[in-house]
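Down below is the structure, laid out as structure tokens.
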Amino acid sequence: MTRRTLQPGIYYETEAIPHPSYRLVLLNVSEGAERRHVREALVALMEMLAGLGEGRLRSLEQQQAPASAESLAQYGGLDALIGYGRRLFDDAEHEPALTDAARPDFLSYLHEQGPFPALPWATRRRDAEADIALQLTGLNEAAVNCAAIEIWKLIRDQQLPLSVSESFEGYGRADKRGWLGFHDGVSNMGSGERLAALLASADPDWMRDGTYMAYLRIVVDLGVWEARSRAEQELIVGRDKLTGAALVAVARIEEKLVPVTGPAPDEEGTLAEGAEWRDPPQTTDVVLEASHIARANQTRASPAAPGSFRIFRQGYDFLEELCAEHVELGLNFVGFQRDLRVMQQVLHLPGWLGDANFGGLGDEAAIPLLTVVAGGFYAVPPNGERLPGAGLFGHI
Amino acid sequence: MPGGRSVQDEYVEWRLVGSGATIMRIELTTELPEYWSLLAAYKPQLLLRLVEEFAGEDNVSPVDVFGREDALSEGISPQQREKAFSNCMLGRGTSPYNDGRRAICCMRQQSNTLAAAAALATLACTPHTILDGVDGRVRAPNCSEATSFFEIGFAQLGRASDPLLLERLGRLAFEGRVVGFASPPGIYMGKIQPGRLIAPDGSELPEESFCFSRGRLGEDGEGRFQRLTFELPDDADFAMADVRDAATGRPLRYGGELADLVPISVFFQATEPDTVIDIPDPVVVEGAATPNCEEFEALYANFERAGS
Ligand code: HEM
């Protein structure tokens, strides 16, 4: 597969390194807006964002080099991706309806009473269900934050029939670890396999060769996590905390479960060592089978196999609040997949993450480690000339 | 599902009961045709009683189940009766008591047999070792590789069951374990994905909406049932048409949508590792095996034909 139909901002290609700064801007269409106007507004936004990536700012149109080079240094590499949420298809929210296009079956609202059986809502919630999602990824925090404000300004200045409903930020870490202290993103499929996991089918036809984005802003309770010993944490994750290596076995010593790790490859490590380090082992041990990495990926199947349920993960951590009494932090779980059914199956199926909050066997599976502050699913149509998914709003 | 039972090839079959587009009840079965064939041969009266129970009728005629008047007479041998039953109720048989019109009793799709499951398990449990041509690892085959050890079409990546069985059993075999069906061998259902089917107010459906039968709860707490009837209790203040799948926000339209929510289990038992020491030499595999597009295309064409 050589097609490059995916929008920028999904870093699936060989050697591609995800931009470290993340901001999700959610937009709702104003009441009574006409399709034609919505489409024109979105075209204007996407063109403005593309210009920013090339160092062109609306307010500094007259600027000459080297000032424009400074703008390029600030915004260069900015990637903007557009997705359409369940709300856009909701006729109860829009009079007149915004589209006649078919809604993909699994493009749905997250369930009000609890998004997934073992992953509940947080007590304090925010709303990530919107008509439109703009994912901004850039080389620094200023780039994505300023771009978000440029969106807000363009809407205001040109009175576009849109409003910003919410926005969420995140960042990547140079040490590639997350709040749990473990490496994250170690195993994310070989780059050659990723397109098979990503590319949507033509059902509905406007999504052919696009993809779907699942966004979950998940709060991690560090107190709960840190109450566990390193060995307990490793068994729950399925990896060694220091090296990130997948556990290969569990030793039972004096009734204690002791994680056994394969050797981490050094600089000259063989490919085989590298693969063993990265991939969860083909274990039959029940404890390892219940770990997060084994639950989240049950077969080493090609992502094209319908039962493999592979997700291309591109998460960004966040720190929301910090004071003496309270800290709120977690992960913007951003998963791209060819069908949102994949997410639903992974997070509902018993034995997968349907009966574990994060991972572990028996009582460990029920530890209240993760809660969802906000979440939304979005259809990400293939890259179009001016506006991906323009056809949703009728013929141009 | 368009195409009816002929495309229900994932070790579970179902029927919808209702009138017009209104669904009143969905019945799923994983009962093995082999078991029903034995009943037909040796316990025809019991079989008839079961058919009556599943159809909710009192006097089902043996003709409708065996295709002949004299099925229960002494002059008919068990083998003749079994054959008559198979012709009438299994495969392409036209009995209304197993094609969904009046009942569904046991599975009839050609792939949904104990023989097929046993053949798949036997081959999956035959140790294979992979020498990974890309990274040099010696390992058990993943399911994409394992399917290539089978004759084309025998095990299919496009099915939900085959890849999982192949890979998980292959790992046990790779560790040198002897694996066998746990007794009694069967294809079982025990639970339904929680949180998926919801009432109009968003709450979970009452538990009594799901009636598992034809089996028991295992000592390990896992259900080993072969029949599931999904029907709202009499006192429910909403109709089946109002039941939604939380993952799609849409009402149930097909039995396959319910089947998708029911994990299907086969139970095995295995010895300790290294019981078998004669593990064959590794097969060299270059790179990750990719799925066979022709396989998918052929299956899709088949599906379309069945649906038209
Ligand atoms: C705050 C929430 C979460 C945290 C902190 C977290 C953390 C981790 C860590 C540390 C790993 C091991 C490193 C790696 O293999 O990349 C991992 C792997 C993985 N996680 Fe999560 N995770 C979270 C939520 C989820 C959710 C909600 C899903 C699924 C919907 C998921 C799916 C996966 C998958 C598919 C893998 C790779 C398994 C493999 O193929 O080896 N994770 N996660």
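Convention: sequence-line order gives letters A, B, ...; per-chain numbering from 1.
Residues passing the ring-ring contact (aromatic ring centres under 6.0 Å, His included) test with A:W121: none are found, sequence neighbours excluded. Partners of B:F210 under the ring-ring contact (aromatic ring centres under 6.0 Å, His included) rule, at least two apart in sequence or in another chain, are B:F230.
Ranked by heavy-atom pairs under 4.5 Å with chain B, the first of A:S308, A:P117, A:P104 is A:P117.
When all heavy atoms of A:L349 and B:P263 are compared, the closest pair comes out as CD2-CG, 4.4 Å. Across all non-hydrogen atoms, the minimal contact from B:S203 to A:Q113 is CA-OE1, 3.6 Å.
Contacts between residues 354-363 of chain A and chain B, defined by a heavy-atom separation under 4.5 Å, are made by no residue at all.
Side chains of B:R196 and A:Q344 form a contact here, defined as non-hydrogen atoms less than 4.5 Å apart. Residues A:Q298 and B:R168 meet the side-chain proximity criterion, which asks for heavy atoms closer than 4.5 Å. Residues A:H348 and B:L261 fail the side-chain proximity criterion, which asks for heavy atoms closer than 4.5 Å. Put simply, the side chain of A:T284 reaches to within 4.5 Å of the side chain of B:R177, judged on heavy atoms.
For B:P194, the parts lying near chain A are the backbone and the side chain together; criterion is any non-hydrogen pair under 4.5 Å. For A:P303, no part lies near chain B; criterion is any non-hydrogen pair under 4.5 Å. For A:F106, the parts sitting under 4.5 Å from any heavy atom of chain B are the backbone and the side chain alike. With a threshold of 4.5 angstrom between heavy atoms, B:P273 does not approach chain A through any atom at all.
At distances below 3.5 Å, not a single donor-acceptor pair connects side-chain atoms of B:E175 with backbone N or O atoms of A:T283.
Counting only residues at least two apart or in different chains, salt bridge (Lys or Arg N to Asp or Glu O under 4.0 Å) contacts with residues 97-108 of chain A comprise A:R35-A:D100, A:D105-B:R250, A:D105-B:R253.
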